[in-house]
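Below: the structure, in structure tokens.
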Amino acid sequence: QVQLVESGGGLVQAGGSLRLSCAASGRAFNSYNMAWFRQTPGKEREIVAAINWNSASTYYADSVKGRFTISRDNAKNTAYLQMNSLKPEDTAVYFCAARKITSPSREYDFWGQGTQVTVSS
């Protein structure tokens with residue numbers, strides 16, 4: 001029902017910044033809560049940040065609080081993750097995910113392909 005495409009990843013030195021974008025295609029983007037996850041080989045996928053349909057509520061993992069900011073522009077059908085003060089441990093593949101606001105579960109139903117973020121020291 002919705003397709004997600006991430007962009008904006010790359011190589012950055014520790015202390016630098018990146019902004020990830022998640023472009024959504026399909027109907028009723030404002031009917032979805034959005035989130036960013038990340039995964040590193042050998043580690044489980046973890047949620048990084050989440051935002052509700054109208055940006056009234058956000059969630060951040062403790063590891064990124066104060067450094068990352070999630071946002072969305074419903075007019076552009078796009079969600080963003082601004083990442084500042086990056087650390088080597090932020091290195092991962094970052095995935096955009098979506099779930100309908102009416103979903104009875106906490107599972108995200110739609111996923112992008114991922115974008116690589118590498119932070120060097």
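Side-chain atoms are counted along with the backbone in the values below, which use heavy atoms only and exclude waters and symmetry mates.
- Of the options L11, V93, L86, a side chain to side chain contact (heavy atoms under 4.5 Å, CB included) to T118 is made by L11 and by none of the others.
- Here the OG-CG distance, from S71 to L81, works out to 8.5 Å after rounding to the nearest 0.5 Å.
- Annotation for Q3: atom CD does not count as buried by contact number, only 12 or fewer foreign heavy atoms lying within 6.0 Å.
- A distance of 10.0 Å separates CZ of R72 from OG1 of T78, quoted to the nearest 0.5 Å.
- At least one donor-acceptor pair under 3.5 Å links the side chain of T91 to the backbone N or O of V119.
- Rounding to the nearest 0.5 Å places CH2 of W111 at 10.5 Å from CZ of R99.
- In this structure, F68 and Y94 have tilted ring planes: the angle between them lies in the 30° to 60° band.
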Using a 3.5 Å cut-off and no angle test, enumerate the donor-acceptor pairs between side-chain atoms of residues 12-34 and protein atoms at least two apart in sequence or in another chain.
unit_1, atom_1, unit_2, atom_2, d
S17, OG, N84, OD1, 2.9
Y32, OH, Q1, OE1, 3.4
N33, OD1, W53, N, 3.2

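- The distance from atom CZ of R38 to atom NZ of K43, rounded to the nearest 0.5 Å, is 8.0 Å.
- Counting heavy atoms from C-beta on, the side chains of L4 and Q113 never come closer than 4.5 Å.
- Judged as a salt bridge (Lys or Arg N to Asp or Glu O under 4.0 Å), and not counting sequence neighbours, the contacts of K65 are D62.
- One distance of note links CD1 of I51 with OH of Y59; it measures 14.5 Å at 0.5 Å rounding.
- W36 contributes atom CH2, which lies 8.0 Å from atom CE of M83 (distance to the nearest 0.5 angstrom).
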